[in-house]
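Quick note on labels: first sequence line is chain A, next is B, and so on, each numbered from 1.
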2 protein chains.
Amino acid sequence: MTRLPARPPQPGLRRTRQRAAISDLLGEIDDFRTAQQIHDILRDNGEAVGLTTVYRTLQAMADAGEVDVIRHDGEAAFRRCHTAAHHHHLVCRKCGHAVEISAPVVEQWADEVARDHGFRDADHELEIFGVCRNC
Amino acid sequence: MTRLPARPPQPGLRRTRQRAAISDLLGEIDDFRTAQQIHDILRDNGEAVGLTTVYRTLQAMADAGEVDVIRHDGEAAFRRCHTAAHHHHLVCRKCGHAVEISAPVVEQWADEVARDHGFRDADHELEIFGVCRNC
DNA sequence: CTTCATGCAAACGCTTTGCACCAGC
DNA sequence: GCTGGTGCAAAGCGTTTGCATGAAG
């Protein structure tokens, strides 16, 4: 049998109008937005993208670590993060406005707590919610 | 028009076999369990309760502060808390086993962060996940 | 006997998937 | 012209609700 084409390991991401539109939009907004909201905004901007595609693209970006995801009230909200490093968020309950928070003390505390109780592979979820100045 | 009966403010909780079964079960387990899991366990114990009733009862208990709720992977898990005071959890990803954690330092830190950024009505969600000794 | 609880089935809201068509490269 | 992307419609999944029946007090 003939040899495999030895394709590049990258899944060959393809540039499309839809992906560009979503990526550009995320670059302009730095508040958390749901897939549905992003879909609506794009439609209002005349850059219509199918809801399925929005979900698929956001999912991919989240997997690639390009966007942060928050789950609130049973739905996911997305946001392009400025910091690549591990961080948490202070999020406005009303408008989704968010501030990135780094909390080394808390990280350390969480690891200690887990270790002290014999838990391994510790991980934690932490978000602070409130109402921002403008709301 | 005649006067209102001046009913007691309590919504008149009624003792039923189903509620007793759910409440008893929660008293025996101190790991987080989903509504579906509780429904299954009760059925296996011969104490069958409709899934709807399990949801409604857990919801009511959560509203009353009698049980703690955790949302993970898009589904809710419940557990009778030992401490009435505000606390967080260290939860096993595999079996749902949980330890109640109190973290005054973190509470204070969260409030400060919110205040420093001009957020009001601050609140936070924090859970530590890991794999427990027995898993 | 009145009121609230139960439970089935249907509805819901968000998200994912199947599949035919379309567009990068 | 392959190969992967898109988008509609339909399915999935946890959860909630409408409504007729049933039990508690």
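- The closest side-chain donor-acceptor pair between Q18(A) and T53(A), if any, does not fall under 3.5 angstrom.
- Taking a 4.0 Å limit (strictly below) on heavy-atom distances, residues 33-42 of chain A does not reach DNA chain C anywhere.
- With F32(A) as the aromatic partner, R79(A) meets the cation-pi criteria of under 6.0 angstrom to the ring centre and within 45 degrees of the ring axis.
- Rounded to whole Å, atom C1' of dG7(C) lies 16 Å from atom CD of E47(B).
- Side chain of H82(A) to main chain of R80(A): no donor-acceptor pair is present (N/O by atom type, distance under 3.5 Å, no hydrogens or angles).
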Between the protein and nucleotides 21-25 of chain C, list the N/O to N/O atom pairs that are separated by less than 3.5 angstrom.
{"residue": "dG24(C)", "atom": "N2", "partner": "R14(A)", "partner atom": "NH2", "Å": "3.3"}
{"residue": "dC25(C)", "atom": "OP1", "partner": "R15(A)", "partner atom": "N", "Å": "3.0"}

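- Two rings, from H72(B) and F129(B), have their centers less than 6.0 Å apart.
- Remark: F78(A) engages no residue in a ring pair (Phe, Tyr, Trp, His ring centres under 6.0 Å) (not counting sequence neighbours).
- Residues from residues 52-78 of chain B with heavy atoms under 4.0 angstrom of DNA chain C, sorted by number: T52(B), T53(B), R56(B).
- H89(B) and D68(B) are linked by a side-chain donor-acceptor pair at a separation below 3.5 angstrom, with hydrogens and angles left out of the test.
- Using modelled atom types, one side-chain atom of R19(A) and one backbone atom of R14(A) make a donor-acceptor pair closer than 3.5 Å.
- In this structure, Q37(B) contributes its side chain and T34(B) its backbone to a donor-acceptor pair below 3.5 Å.
- No side-chain donor-acceptor contact under 3.5 Å links R133(A) to the backbone of R120(B).
- With the end axes of the helix from dC1(C)-dG25(D) to dC25(C)-dG1(D) each set by five pairs, the angle from one to the other reads 30° at 10° resolution.
- Looking only at distances, no side-chain donor or acceptor of E125(B) sits under 3.5 Å from a matching main-chain atom of E127(A).
- Not counting sequence neighbours, the partners of H124(A) by the ring pair (Phe, Tyr, Trp, His ring centres under 6.0 Å) test are H86(A), H88(A).
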